[in-house]
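Report on the following structure.
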Amino acid sequence: MPKPFEHNIKQTTFIAVPPEKVFDTITSAESWNAFFTTGMELDPQPGGRFVWRWKDWGPDFYSLEVVGKVHEVERPERFVFEWGSKRPTLVSLDLTGELGGTVVRLTETGYLDTPRDRDMILECACGWGEALTLLKFYLEHGVVYTPAKKPE
């Protein structure tokens with residue numbers, strides 16, 4: 001049996017809006033679909049199911065669907081969920097009102113020390129950095145996702 005990977009994903013960002021606004025955004029499929037996903041479903045309560053979806057995302061037209069389950073919902077300071085099909089990982093979003101806005105601290109745990117999981121931790125670390133940056137620009141400036149046009 002592979003042992004746990006000794007590193008976790010950690011991302012932190014500052015968003016110049018109150019924690020309640022950040023929390024309401026990260027617990028809403030409609031909001032995620034505005035800046036990071038396409039067709040996400042989310043039942044934001046403990047035990048609630050959600051489906052992350054990306055269809056033709058970005059310039060590589062990436063498509064993926066990942067199912068997850070909500071673990072904790074503590075408005076406005078914490079949202080925790082697991083995602084993944086074979087062996088899910090756990091993602092915690094902790095929100096702290098400080099510095100005139102909200103500091104968002106994301107941690108993802110549960111990776112194993114295998115070649116597949118080492119590849120996934122790199123991919124997801126980059127993806128979460130992108131997601132938090134897009135969340136910041138969505139909340140502070142109203143920037144929504146604009147899809148690339150597929151060549152004909």
Side-chain angles (χ1 to χ4, degrees), residues 1-58 62-140 143-145:
M1 173 88 172
K3 51 185 190 165
F5 194 60
E6 61 186 64
H7 301 286
N8 298 318
I9 294 173
K10 293 182 180 181
Q11 297 283 355
T12 303
T13 195
F14 171 78
I15 303 175
V17 302
E20 293 80 7
K21 187 166 185 177
V22 177
F23 184 88
D24 291 347
T25 301
I26 64 173
T27 57
S28 160
E30 182 179 333
S31 294
W32 280 103
N33 287 331
F35 72 90
F36 189 63
T37 57
T38 51
M40 179 188 200
E41 298 172 29
L42 171 60
D43 179 9
Q45 60 184 333
R49 180 179 184 271
F50 67 87
V51 181
W52 293 82
R53 281 194 191 95
W54 295 269
K55 172 113 172 77
D56 295 330
W57 180 262
Y62 182 82
S63 292
L64 178 67
E65 182 174 296
V66 183
V67 176
K69 181 174 78 172
V70 175
H71 280 249
E72 294 178 47
V73 182
E74 298 174 26
R75 186 177 193 271
E77 59 270 333
R78 188 164 167 83
F79 184 57
V80 179
F81 60 88
E82 68 178 38
W83 70 330
S85 55
K86 294 181 181 175
R87 202 187 43 71
T89 57
L90 192 69
V91 178
S92 302
L93 288 150
D94 292 294
L95 314 176
T96 307
E98 58 184 292
L99 307 171
T102 304
V103 174
V104 180
R105 290 178 178 85
L106 180 145
T107 305
E108 184 173 7
T109 61
Y111 288 96
L112 296 178
D113 193 0
T114 64
R116 181 193 172 281
D117 274 18
R118 286 191 300 272
D119 286 346
M120 285 304 301
I121 201 169
L122 290 172
E123 183 177 332
C124 288
C126 293
W128 285 124
E130 177 183 20
L132 291 184
T133 300
L134 292 170
L135 174 63
K136 176 180 179 66
F137 283 95
Y138 175 67
L139 287 172
E140 291 182 2
V143 175
V144 297
Y145 175 68

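This structure is a prediction, so every number in the text was calculated from the model and none was measured.
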TODO: Measure across Leu42 and Ser28 and return the closest heavy-atom pair with its distance rounded to 0.1 Å.
DONE: CD2-N, 3.6 Å
TODO: Quick one: pull up CD1 in Ile121 and CD1 in Ile9 and give me the separation to the nearest 0.5 Å.
DONE: 5.0 Å
Task: Side-chain heavy-atom pair Arg87, Asp117 within 4.5 angstrom cut-off - done: yes
Open item on the list: Checking Val51 against Glu65 for the side-chain contact (heavy atoms from CB on, under 4.5 Å) test, could you report, in this order, the C-alpha distance in whole Å, the side-chain angles of both residues, the deciding distance, and whether it holds?
Closed with: CA-CA 7 Å; Val51 181; Glu65 182 174 296; 3.3 Å; yes
Open item on the list: What's the separation between atom CZ in Phe5 and atom CE in Met120, rounded to the nearest 0.5 Å?
Closed with: 13.0 Å
Task: For the student: nearest non-hydrogen atoms of Asn33 and Met40, plus distance - done: OD1-N, 2.8 Å
Validation: residues 10-21 side-chain donor-acceptor distances under 3.5 Å, sequence neighbours left out:
{"from": "Gln11", "atom 1": "NE2", "to": "Ala125", "atom 2": "O", "distance (Å)": "2.8"}

Open item on the list: Does any part of the side chain of Thr96, heavy atoms only, come nearer than 4.5 Å to the side chain of Glu77, both counted from C-beta?
Closed with: no
Open item on the list: Please find the pair of heavy atoms, one from Phe81 and one from Leu93, that lie closest to each other, and give the distance.
Closed with: CE2-CD1, 4.1 Å
Task: Side-chain heavy atoms of Phe35 within contact of Val143, under 4.5 Å - done: no
Open item on the list: Under the ring pair (Phe, Tyr, Trp, His ring centres under 6.0 Å) definition, can you give me all pairs with a residue in residues 99-130, not counting sequence neighbours?
Closed with: Trp52-Trp128, Trp83-Trp128
- [ ] Specify the closest pair of heavy atoms between Gln45 and Val73, including all atoms of both residues, with the distance to one decimal.
- [x] CA-CG2, 3.9 Å
Open item on the list: I'd like to check Val80 versus Glu74 (side-chain heavy atoms, cut-off strictly below 4.5 Å). Are they in contact?
Closed with: no
Task: Spatial distance of atom CG (Leu132) from atom CG (Leu106) [nearest 0.5 Å] - done: 5.5 Å
Task: Sidechain-backbone polar pair: Asp94 side chain, Arg78 backbone, donor-acceptor under 3.5 Å - done: no
Task: Backbone of Lys55 reached by a side-chain donor or acceptor of Thr38 within 3.5 Å - done: yes
Task: Nearest heavy atoms of Lys69 and Phe50, plus distance in Å - done: N-CE2, 3.6 Å
- [ ] Might you point out which heavy atoms bring Ile26 and Phe79 nearest each other, and give the distance in Å?
- [x] O-CE2, 3.6 Å
Task: Residue pairs passing the salt bridge (Lys or Arg N to Asp or Glu O under 4.0 Å) test where at least one lies in residues 33-44, sequence neighbours excluded - done: Glu41-Arg53
Task: Side-chain donor or acceptor of Tyr138 paired with backbone N/O of Trp32 under 3.5 Å - done: no
Open item on the list: So for atom CD, which belongs to Glu98, do other residues, nucleotides or ligands contribute more than 12 heavy atoms lying within a distance under 6.0 Å?
Closed with: yes
